[in-house]
Structures are given as C-alpha cells and as structure tokens.
Amino acid sequence: MTESQQARPSALGALLTRELRVGRRIGGAVSMGVVFFLCLVTVTPFAVGPDQALLARIGPAILWIAALLATLLGLDRLFQADAEDGSLDLFLTSETPLELIVLVKCLAHWLLTGLPLVAASPIFGLMLGLGPEGLLRVAFSLLAGTPALTLLGAIGAALTVSLRRGGLLLAVLILPLSVPVLIFGVAAAGDPVVGFKTPFLILCGLTLAAVALTPFAAAAALRQAGD
C-alpha cells in the first residue's frame, strides 16, 4: 500500500468531521429539516380534514413526501459552498478520488438531515394516528430510503454547482428520479396488501444501487463544471 493510500482514510475522516462541523455551524440543518417535516405533517389535517381513519391510511405517504421535500432542503449548497471558497478546486486536484469525496459529503448531509427525520418520524406518525406497526414500518423504510434520496440529490447539486439559486432546478431534475424510491418507500411503510418485506428489499436495493452509481455521476458532473 502506497503512502497516499494509507493517508486516504484519515483525509476522508477529516473531511467528514469538517462537513459535520460546518453543517451544524451554518444554521442548524438538523432543526431546519425536522421543523419543515413537522410543518408539512401539521398542515395536512387542515387540508384533508379531521378524519382519523383517513389520516392513518394516508399517513405513510404524507411522511414520505415530507421526508423527500425536507431532504432537498440545503442540497443545492452541497457543492456550491465548496465552489465559492475554492475547496472544490482542491477536491478536483486531490489524490483522493473525487467519487469518495462525494460519498463522504453525502454521508455528512444524510447524518445531518436524513437521520433526524428517521428519528422524528415515529413521533410525527403518532400525530397522524399510525399504530405501533405502522410507526416501525415508516421508520425502517425511511432509514433504508432516505440515503438514496440524498445520493440522487447529489447529482442535481453537482449539475447545478455553477448556478446561483439552482435549488428549483435541482428539484426539477431530482424529483422524477426519486419516484421509484418514493413508490417502494410508501409501499413498505403502509401498504397492507403488498406487505413489508418485498418493497423494503427493493428499497434497500435502490439505495445500494445509488451508493454504487451516483458518486460517479456526481463526480463526472463536478469535473465537467471545473473544466
């Protein structure tokens, strides 16, 4: 193993620590995502009415749509801040593969936004009248699916890295790609006919495919933007 290969894990660990510190410092990405999640769940009963049975039936879909939209918050800044302060140029010329850097930045973003949503989902599920089994299904499906949403969002963030206010374009690009994750996530969370196991395994497969493929797509977009 060469010296650069030995130094790579420590460099990626330092990058993860930096991303977590910056993410917490710039405004509470954790609280912003959870509050946005709470707002969407809270306003839904005003739109569909106080029918508790209806809310319990559509609750998993509401939680998944809220998680999808909350995950998109701040994704437009995933690489844009690095482009503005020159860090992106260092990433492009670093001996550490850009794909691994993308993966570490996605992990930091998910830890700051996706994981708190997973932790908060049982509480918000209670507000929608979900039972114990429904709460567990929603939490496990979000745990398996939200990493895929973050990774797909990284592609949009990389494509819009050179654009100011590219958040809307990012959403337009990523929402269609997120549809399969949303479909199987909602099915695993709340479809009693389909059951839990099959859609959950497909959801895990989608996430693994996203882990394997999207860092390469995002890195290619960043290299193109850096040329």
Chemist: Apply the test side-chain contact (heavy atoms from CB on, under 4.5 Å) to residues T17 and L20: give CA-CA distance (whole Å), side-chain angles for both, the deciding distance (0.1 Å), then the verdict.
Modeler: CA-CA 5 Å; T17 303; L20 294 175; 5.9 Å; no
Chemist: Is there a path from L151 to I155 through hydrophobic residues (I, L, V, M, F, W, Y) whose side chains come within less than 4.5 Å of each other?
Modeler: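 Not linked; separate clusters.
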Chemist: Tell me, please, which residues at least two apart from I58 pass side-chain contact (heavy atoms from CB on, under 4.5 Å).
Modeler: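 V48, L54, I62.
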Chemist: Tell me the salt bridge (Lys or Arg N to Asp or Glu O under 4.0 Å) pairs involving residues 105-122, sequence neighbours left out?
Modeler: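 For residues 105-122, and leaving out neighbouring residues, the salt bridge (Lys or Arg N to Asp or Glu O under 4.0 Å) pairs sorted by first residue read E19-K105, D82-K105.
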Chemist: Can you name the nearest heavy-atom pair linking P147 to L142, along with the distance?
Modeler: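 That would be CD-O, 4.1 Å.
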Chemist: Please list, one pair per line, the donor and acceptor atoms closer than 3.5 Å that link side chains of residues 204-221 to other protein atoms, with sequence neighbours excluded.
Modeler:
| residue | atom | partner | partner atom | Å |
| --- | --- | --- | --- | --- |
| T207 | OG1 | A144 | O | 2.5 |
| T207 | OG1 | L203 | O | 3.2 |
| T214 | OG1 | A210 | O | 2.4 |

Chemist: Is there side-chain contact between T160 and L173, with at least one heavy-atom pair below 4.5 Å?
Modeler: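 Contact flag for T160/L173 side chains = yes.
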Chemist: Tell me, do L115 and T146 make a side-chain contact under 4.5 Å, heavy atoms counted?
Modeler: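 With C-beta onward as the side chain, the pair stays apart.
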Chemist: May I ask whether L103 and L98 are part of the same hydrophobic cluster, defined by side-chain heavy atoms of I, L, V, M, F, W, Y residues being less than 4.5 angstrom apart, directly or through others?
Modeler: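 Different clusters.
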Chemist: Provide the full list of ring-ring contact (aromatic ring centres under 6.0 Å, His included) pairs with a residue in residues 88-130, sequence neighbours left out, each pair given once.
Modeler: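 Only F37-F124 qualify under ring-ring contact (aromatic ring centres under 6.0 Å, His included).
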Chemist: Which residues end up grouped with I183 if you chain together Ile, Leu, Val, Met, Phe, Trp and Tyr wherever their side-chain heavy atoms are less than 4.5 Å apart?
Modeler: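 Members other than I183 - counting any ILVMFWY side chain reachable under 4.5 Å - are V179.
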Chemist: For residues 40-80, which residue pairs qualify under ring-ring contact (aromatic ring centres under 6.0 Å, His included), counting only residues two or more places apart or in two chains?
Modeler: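 Listed by first then second residue: nothing to list.
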Chemist: So, using side chain to side chain donor-acceptor pair (under 3.5 Å) as the criterion, who are the partners of E99 when residues are at least two apart?
Modeler: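 Side chain to side chain donor-acceptor pair (under 3.5 Å) check on E99 returns R223.
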Chemist: If I take atom CG from residue D89 and atom OG from residue S94, how far apart are they, to the nearest 0.5 angstrom?
Modeler: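 Going from the CG atom of D89 to the OG atom of S94 covers 12.0 Å.
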Chemist: Are V138 and I123 linked, directly or through other ILVMFWY residues, by side chains that come within less than 4.5 angstrom of each other?
Modeler: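 Yes, it is one cluster - the side chains of V138 and I123 are joined through contacts under 4.5 Å.
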Chemist: Considering only heavy atoms from C-beta outward, does the side chain of I65 approach that of L40 to under 4.5 Å?
Modeler: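 In short, these two side chains do not touch, never coming nearer than 4.5 Å.
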Chemist: For F196 and F140, work out which heavy atoms get closest and say how close.
Modeler: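 Looking at all heavy atoms of both residues, the closest pair is CZ-CB, 4.1 Å.
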Chemist: Shortest non-hydrogen contact from A189 to S141?
Modeler: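 Closest heavy-atom pair between A189 and S141: CB-OG, 3.5 Å.
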Chemist: Of all the heavy-atom pairs spanning V181 and G145, show the shortest one and how long it is.
Modeler: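 Where V181 meets G145 most closely, the heavy atoms are CG1-O, 3.8 Å.
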Chemist: Given side chains that start at C-beta, do those of T96 and L12 come closer than 4.5 Å, heavy atoms only?
Modeler: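 A side-chain contact under 4.5 Å exists here.
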Chemist: What distance do L107 atom CG and T150 atom OG1 have between them, rounded to the nearest 0.5 Å?
Modeler: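 Result: 9.5 Å between the selected atoms.
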Chemist: About how many Å separate SG of C106 and CG of L149, when rounded to the nearest 0.5 Å?
Modeler: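 Result: 11.5 Å between the selected atoms.
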Chemist: Would you find a donor on one side and an acceptor on the other, under 3.5 Å apart, between the side chain of T71 and the backbone of A67?
Modeler: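 Judged by distance alone, yes, a pair lies under 3.5 Å.
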Chemist: Do V118 and L68 belong together in a cluster built from hydrophobic side chains that touch within less than 4.5 Å?
Modeler: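 Yes: a chain of side-chain contacts under 4.5 Å links V118 to L68.
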Chemist: Identify every side-chain donor-acceptor pair in residues 125-135 under 3.5 Å, counting partners at least two apart or on other chains, and give the distances.
Modeler:
none

Chemist: Can you give me the closest heavy-atom contact between S87 and R18, atom names plus distance?
Modeler: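 In this case the closest contact between S87 and R18 is OG-NH2, 3.5 Å.
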Chemist: What heavy-atom pair brings L75 and G153 nearest, and what distance separates the two atoms?
Modeler: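 In this case the closest contact between L75 and G153 is CD1-CA, 3.6 Å.
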